[in-house]
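Take a look at the structure below.
As the structure lists them, so they are numbered: ligands from 1, and atoms in each ligand from 1.
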Amino acid sequence: MTLDIQKIRQDFPILHQQVNDKPLVYLDNGATTQKPEMVINAIADYYRHDNSNVHRGAHTLSDRATGQFEQARETVREFINASLTEEIIWTKGTTEGVNLVAFSWGLENLSAGDRVLVSHMEHHANIVPWQMVCQRTGAELVPVPVTELGDVDMTAFDALLDERVKFVSMAHVSNALGTVNPIEEVIRKAHSVGARVLIDGAQAVAHWAVDVQALDCDFYVFSGHKLYGPTGIGVLYGRQSLLQGMTPFMGGGEMIETVAFEKTTYNRLPYKFEPGTPNIAGVIGLAAAIRYLSQFERADIQAHEESVLAYAVERAKAVEGLRLIGQSDHRAGVISFVLEGTHPNDVGTLLDQQGVAVRTGNHCAMPIMDRYGVPGTVRASFALYNTKEDVDALFTALEKVKMFLY
Ligand code: PMP
């Protein structure tokens, strides 16, 4: 079935405004997606009617908040097809998820002589935590090269994969290039040498259905705000057997069973990894975002987004002086480019003046920008509410930018 995109757009109030006296064309979904009324209302309703702390109150509001909070965990479990609800841990976002695994798993399991592999196209969130843990443990962080087209060089990956590799951490989809990585193959091969695998799904979960059991990954992390949900909430999925063996990364209330000055014992999963008062409204908003998405066939969303992306690539290729950064055959949601002789920031500012919102810069992925010898790119990134008309608006505006800058 084809989606009624105009109807979908009505669900997103923010899209219907003028920016710099032009209709807003929002193409910065790689930075964050917009929120449908359903999410905005779920958060407002929670604060209006149910606001209370979870798991501790002896009163009705707390019971209601706790009920919604734990139901949301089940909603996420189903969304990524984890086998157990306790395998779903709330985080602030992808960044915290990677840090949690790097510090909790890495500090105890890595030592000198071990290697952690990441791809050259990772977001800083999937580089820096590993670097920090490698510095402390003496393990080595090794980037897997990326080909000119923007794919992980799987021949190089195969050559790097030996018994020294204890962990592989890789993006499902690159936020800087849009490349969809062959993570099934990566996971299978990494497991064959006994390595554990984390998949950074921040740029993937909004685009298609993810099944962590079918993927057979050990950890999968993502952020609510790139899934039409609120900021400040994210998910770490971890295999129960691994989470059970890991020492918490942060201590505090909620994550304990008993506390004495001599010894503290930790709570059961998932609470062991959730110290302090959580982002309750964020959790409820994220569940609403998942419910919003589940009205649609995920395959329809994917097909729509693929057609918008294919159209954007086609139009980009026709622009003289435009160099696409990343041209993998396996791409989702993103075009990244530079305009000959111009700085991406200038292009971004001039597009904004015409109502077109894109992101410019290094996209928190400096190593891959260096790989291509560019300081940054202009990135247009798409969501389910974007249309080919949005793409046309981008390229019409880009022609004006060229007239201005050339
Ligand atoms: N990894 C990828 C691939 C991302 O796209 C992002 C967000 N742009 C992150 C990690 C970091 O996510 P957050 O800032 O929500 O923690």
Side-chain angles (χ1 to χ4, degrees), residues 26-35 39 76 89-103 118-132 143-144 146 150-152 168-183 186 197-208 210 217 219-237 249-250 278-279 282-283 285-286 289 305 325-326 328 330-336 357-369 371 376-383:
Y26 186 78
L27 298 176
D28 194 18
N29 298 285
T32 200
T33 53
Q34 299 303 348
K35 322 304 172 199
V39 169
V76 169
I89 311 236
W90 302 124
T91 63
K92 281 199 298 189
T94 305
T95 304
E96 186 183 325
V98 179
N99 275 276
L100 195 160
V101 175
F103 281 87
V118 295
S119 86
H120 204 128
M121 69 175 87
E122 296 308 312
H123 189 283
H124 299 159
N126 199 23
I127 299 174
V128 182
W130 294 110
Q131 226 162 20
M132 294 163 96
V144 183
V146 165
D151 292 305
V152 171
V168 177
S169 202
M170 199 177 280
H172 198 162
V173 179
S174 157
N175 67 308
L177 310 177
T179 308
V180 182
N181 287 320
I183 56 163
V186 166
V197 186
L198 178 146
I199 301 298
D200 168 358
Q203 184 62 30
V205 280
H207 300 298
W208 55 75
V210 166
C217 54
F219 302 99
Y220 195 98
V221 293
F222 61 95
S223 303
H225 72 93
K226 293 182 61 161
L227 184 65
Y228 311 107
T231 51
I233 185 69
V235 171
L236 160 66
Y237 156 80
F249 157 59
M250 283 190 282
N279 181 356
V283 164
L286 172 56
E305 289 179 351
I325 303 294
S328 170
H330 308 283
R331 277 209 281 178
V334 167
I335 57 165
S336 220
V358 295
R359 180 157 174 198
T360 61
N362 61 53
H363 316 295
C364 296
M366 281 189 200
I368 195 66
M369 297 294 123
R371 156 76 180 76
T377 69
V378 179
R379 180 187 71 182
S381 49
F382 307 100

I'd like to check which ligand 1 atoms, numbered from 1 as shown, lie under 4.0 Å from a non-hydrogen atom of Gly30. 8 (N)

So the atoms of ligand 1 within less than 4.0 Å of a heavy atom of Ser223 turn out to be 12 (O), 13 (P), 15 (O), 16 (O)

Closer than 4.0 angstrom: is that true for some heavy atom of Ser174 and an atom of ligand 1? no

Among all protein heavy atoms, pick the one closest to atom 7 (C) of ligand 1 and tell me residue, atom and distance. Lys226 NZ, 3.5 Å

Which residue owns the protein heavy atom closest to atom 16 (O) of ligand 1, what's the atom, and how far is it? Thr95 OG1, 2.5 Å

Give yes if a backbone or side-chain nitrogen or oxygen of Asp200 is under 3.5 Å from a nitrogen or oxygen of ligand 1, and no if not. yes

Within a strict 4.5 Å, meaning less than it, do heavy atoms of the [X] and [Y] side chains meet?
{"X": "Thr377", "Y": "Met369", "answer": "yes"}
{"X": "Trp208", "Y": "Val180", "answer": "yes"}
{"X": "His172", "Y": "Gln203", "answer": "no"}
{"X": "Trp130", "Y": "Val98", "answer": "yes"}
{"X": "Lys226", "Y": "Asn175", "answer": "yes"}
{"X": "Phe249", "Y": "Asn99", "answer": "yes"}

Specify side chain, backbone, both or neither for Ala171, according to which of its non-hydrogen atoms lie closer than 4.0 Å to ligand 1. neither

Nearest heavy atom to atom 9 (C) of ligand 1 wins, so pick from His363, Met170, His225, His123. His123

